[in-house]
Enquirer: 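Let me give you the structure first, and then I'll get to my questions.
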Amino acid sequence: MHEENPPAAPGASPLLQQLNDEQRAAVTLPPEHALILAGAGSGKTRVLTTRIAWLLASGQVTPGGVLAVTFTNKAAKEMMTRLGAMLPVNVRGMWIGTFHGLCNRFLRAHFRLANLPQAFQILDTQDQLSAIKRLVKQHNVDEERFPPKELQWYIAGCKEEGMRPKDVPARSEDDRRKVELYQLYEEQCQREGVVDFGELMLRSYELLRDHEPVREHYRRRFRHILIDEFQDTNKLQYAWIKMFAGEQNAVFAVGDDDQSIYAFRGARVGNMADFVREFSVRRQIKLEQNYRSFSNILDSANTLISHNKHRLGKDLRTDQGPGEPVRVYEAPTDLAEAQWVVEEIRHLVRGEGTAGGVPRHEIAILYRNNAQSRVLETALFNVGVPYRVYGGLRFFERAEIKHALAYLRLLENPRDDTSFLRVVNFPPRGIGARSLEQLQDAARAAGCSLHDAVSATTGKAGANLGGFVARIDVLREQTEGLTLREIIQLMLEQSGLLEHYRAERDGADRVENLEELVNAAESFVTQEGFGRDAVALPVDELGPQTLTQSPASQGLDPRQPVLDEPAPDFVAPDAETGETLSPLAAFLTHAALEAGDNQAQAGQDAVQLMTVHAAKGLEFDCVFVTGLEEGLFPSERSMSDRDGVEEERRLMYVAITRARKRLYLSHSQARMLHGQTRYNVRSRFFDELPEHTLKWLTPQGRAGARSAFGFGSGYPTTRQPAFQREADAPWNAPVPPRKTQPEHGLRAGMKVFHTKFGEGKVQTLEGSGEDTRAQVNFPRHGVKWLALSVAKLVPVE
DNA sequence: TTCGAGCGGATTTTT
DNA sequence: TCCGCTCGAA
């Protein structure tokens, strides 16, 4: 993220030197609840990370006492990177992550209390839908009346409201049926050992709510709770935060009500006002100094958003001067609009009328919905301007990858019927709908998984199914003790996936992706500390980490730290036995929680195309906001109620504030929509912008008039000073070398004794130092992964 | 079992 | 218009 350095305050701590007064006030707030209203481009991430660094550096909290929550993996990663650059602290050991990532970590650590198998798998949205479809078929539900998509939306909505089936009010017959299906869905998930995204949140919340010792433990532990993008939290997330916040914690909530654009998926801006009221927040700080844009752009944004009635109130300001006017263009058709955009971009890139050319990746074309990208793409393609569209299928969502993951999940958990059905006949092996129907009937009758029901089936279908199950089971045995890389390679061969795609005419890309999966696993192993060479930084520079054996069984002693160990997400051992997740199970979790890159074509310098939603949090030198027409932006469906229009206006506000130097707004009189030409008037938002910041490139309100391209000569020549890298900062002391590995005295092949599992044989050793884990085969309990720092493993003989 | 025709639906999206 | 999904025919 690009940020300019505000003037340094003399004499302040080096951490605070680069902050302006507002930012510094926020960073150094006393340990009590606070709300930070952070405008666009006001250095929000900087304030959050510096706050954590300042708390640590001033000894107010230890790394283990920080809980920092974001919405996206990207934001979490950025926070960790920046924090790591400010202080020599092991950020991986801290509880910094997404809501779902942290819930996952929490539930793995308390899987017994949560009533989940330790290796529970996570359903993504696709998996959830297919699970619901399966359920609906099984219970002969009328799919016309209860479309699976709607049920999915309904169930997710209930969970976001914190409601279990018993809590849902059912008025009509339809309601009752839906609640019943919700109930059945839950039972199915529980039986199969899988959880969906909403379940991760809801179950963590309930665990805290219902188990006082656990709640008290975490409340005592997390002295400082920091929330990013607070305006995007839903009801359940707010309640979840409340569970962690006790008498002595300080909640530091950062958000911007003007950038709340996710109401449609359950976000409640109202949480900000509720937070102030319910937590008796006395400290509210507004960050209004903007380091991103020139004032013509900011004035436009400020004036536009002032048309919203429900605001906490905030005005962005800058020291940068007016800059260029906001250019407005009216096109006769969507095609002409696209051609104008492309022409304008070519001028920008060549540097005509500007100082030097603009790099293509500093140019963004924004639109309200994805369908609008088509005509823009065609226009760019025709003249050979490289571009990149955001928002396609992500890596872990691709069909071939999902297939491979399904095989891997079956190795980990044969009860996973969703995965079973996904690959039972892929590659095709003669198992059709009829066989599967029989199998599902048998499974239902026996109350078991599809995998286990196979042995009961007979005939030719039974033979095919038996072959499939045998293949999986053999593979499971073969992969025992292998590295993750070897497991995946063996699976790709044995499943027939590679062979299948190699034979397919245009399967080359898919083969490539499958090979990429091996790489993804490899880098996951290295990054998460599963590899033998994983580097673990020492964590105790700023305060000792207590690594304690927890009290036995589920009765936790609230005075004892339970899981204060500095372990990365996936290595956190179970409090009781020291058992850790296998690298495979951990990788599968990673795949579900982080679907991978959202960009279609990586690589060369390209113009960026995306929806306004996708642009939130990004910034570019030049921004085009296209399709500004009534019915499109604001969208038709939002126009019926005021809240809807206000959210569209906030969306427009987000779009405008993405631009640093040059902003273009365009609309078209005619547009192809659903195969028909629609004629739209220009968006009401034009009337809500201040006239003095605008430069109309076409005469207002008249058709087809294409005036000369309006290239101002004033592309700013003043480049902003380069962002001072935190690595150069004086407080960034060199990291001391890591301690030598303690001798655990174990080797593969050795016989060991565990107090709970008895005698077993070591199969593999992984990791180093405190993160060392052993895979042990216990004759009576099967193969387990154990953290040596927690599990007591005594060599036998 | 697989492939192709026909139908309907079509903001915004992360985990 | 266009995509994805369902259903019917070989």
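In what follows, chains carry the letters A, B, and so on, assigned in the order in which the sequence lines appear, proteins first and then strands, with residues in each chain numbered from 1. Since the model is a prediction, treat every value here as computed from it, not as a measurement.
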Enquirer: Any salt bridge linking A:Asp334 with A:Arg678? Criterion: basic side-chain nitrogen under 4.0 Å from a carboxylate oxygen.
Expert: no

Enquirer: Rounded to whole Å, please give me the gap between CG in A:Asp643 and C1' in B:dT11.
Expert: 17 Å

Enquirer: Could you tell me whether the phosphate oxygens of B:dT12, OP1 or OP2, come under 4.0 Å of any side-chain nitrogen or oxygen in A:Asn370?
Expert: yes

Enquirer: Taking the six-membered ring for Trp, are A:Phe468 and A:Phe420 closer than 6.0 Å centroid to centroid?
Expert: yes

Enquirer: Can you tell me if A:Glu400 and A:Tyr501 form a side-chain donor-acceptor pair at under 3.5 Å?
Expert: no

Enquirer: How about A:Phe120 and A:Phe111: are their ring centres within less than 6.0 Å of each other?
Expert: no

Enquirer: Quick one: A:Met652 CE to B:dT12 P, roughly how many Å, whole number?
Expert: 18 Å

Enquirer: Could you check whether A:Ala433 gets within reach of a base, just the sugar-phosphate, or nothing at all, counting any heavy atom under 4.0 Å?
Expert: sugar-phosphate

Enquirer: Have a look at A:Asn73 and say if it touches a base, only the backbone sugar-phosphate, or nothing, with a 4.0 Å heavy-atom cut-off.
Expert: sugar-phosphate

Enquirer: Stacking between A:Phe264 and B:dT11, defined as ring centres under 5.5 angstrom apart with planes under 30°, is that present or not?
Expert: no

Enquirer: Roughly how many Å is it from CD in A:Glu504 to C1' in B:dT2, rounded to a whole number?
Expert: 13 Å

Enquirer: Using a 4.0 Å heavy-atom cut-off, does A:Glu648 contact any base of the nucleic acid, only the sugar-phosphate backbone, or nothing at all?
Expert: base

Enquirer: Confirm from the modelled atom types if A:Thr125 and B:dT15 form a donor-acceptor pair under 3.5 Å, side chain to base only.
Expert: yes

Enquirer: Starting from P on B:dT13, measure out to CG on A:Asn234 and report it in whole angstrom.
Expert: 18 Å

Enquirer: Just how far, in rounded Å, is C1' of B:dT14 from CD of A:Gln231?
Expert: 14 Å

Enquirer: Within the structure shown, what part of the strands sits under 4.0 Å from A:Tyr262 by heavy-atom distance: base, sugar-phosphate, or nothing?
Expert: sugar-phosphate

Enquirer: Tell me what A:Thr72 touches on the nucleic acid: a base, only sugar-phosphate, or nothing, going by heavy atoms under 4.0 Å.
Expert: sugar-phosphate

Enquirer: With nearest nucleotide decided by heavy atoms, which residue, A:Arg265 or A:Arg434, maps closer to the 5′ end of DNA chain B?
Expert: A:Arg434

Enquirer: Does A:Arg394 have a side-chain nitrogen or oxygen under 4.0 Å from the phosphate oxygens OP1 or OP2 of B:dT15?
Expert: yes

Enquirer: On DNA chain B, compare the nucleotides closest to A:Pro428 and A:Phe99; which residue's is nearer the 5' end?
Expert: A:Pro428

Enquirer: Expressed as a whole number of angstroms, how long is the span from A:Tyr390:OH to B:dT12:C1'?
Expert: 18 Å

Enquirer: Please determine whether a side-chain nitrogen of the Lys or Arg among A:Asp256 and A:Lys616 lies less than 4.0 Å from a carboxylate oxygen of the Asp or Glu.
Expert: no

Enquirer: Would A:Arg265 pass as a cation-pi partner of A:Tyr262, given that its NZ or CZ must be under 6.0 Å from the six-membered ring centre and within 45 degrees of the axis?
Expert: yes

Enquirer: Determine, for nucleotides 1-10 of chain C in 5'-to-3' order, which nucleotides have protein heavy atoms under 4.0 Å from the base (write B), from only the sugar-phosphate (write S), or from neither (write -).
Expert: BSS-------

Enquirer: Measure from the side chain of A:Phe197, starting at C-beta and using heavy atoms only, and say which of B:dT11, B:dT15, B:dT2 lies closest.
Expert: B:dT15

Enquirer: Does the gap between the ring centers of A:His110 and A:Tyr218 come in under 6.0 Å?
Expert: yes

Enquirer: Taking atom P of B:dT13 as reference, at what distance in whole Å does atom CD of A:Gln152 sit?
Expert: 16 Å

Enquirer: Do A:Tyr367 and A:Phe633 have ring centres separated by under 6.0 Å?
Expert: no

Enquirer: Rounded to the Å, how far apart are A:Phe426 CZ and B:dT1 C1'?
Expert: 14 Å

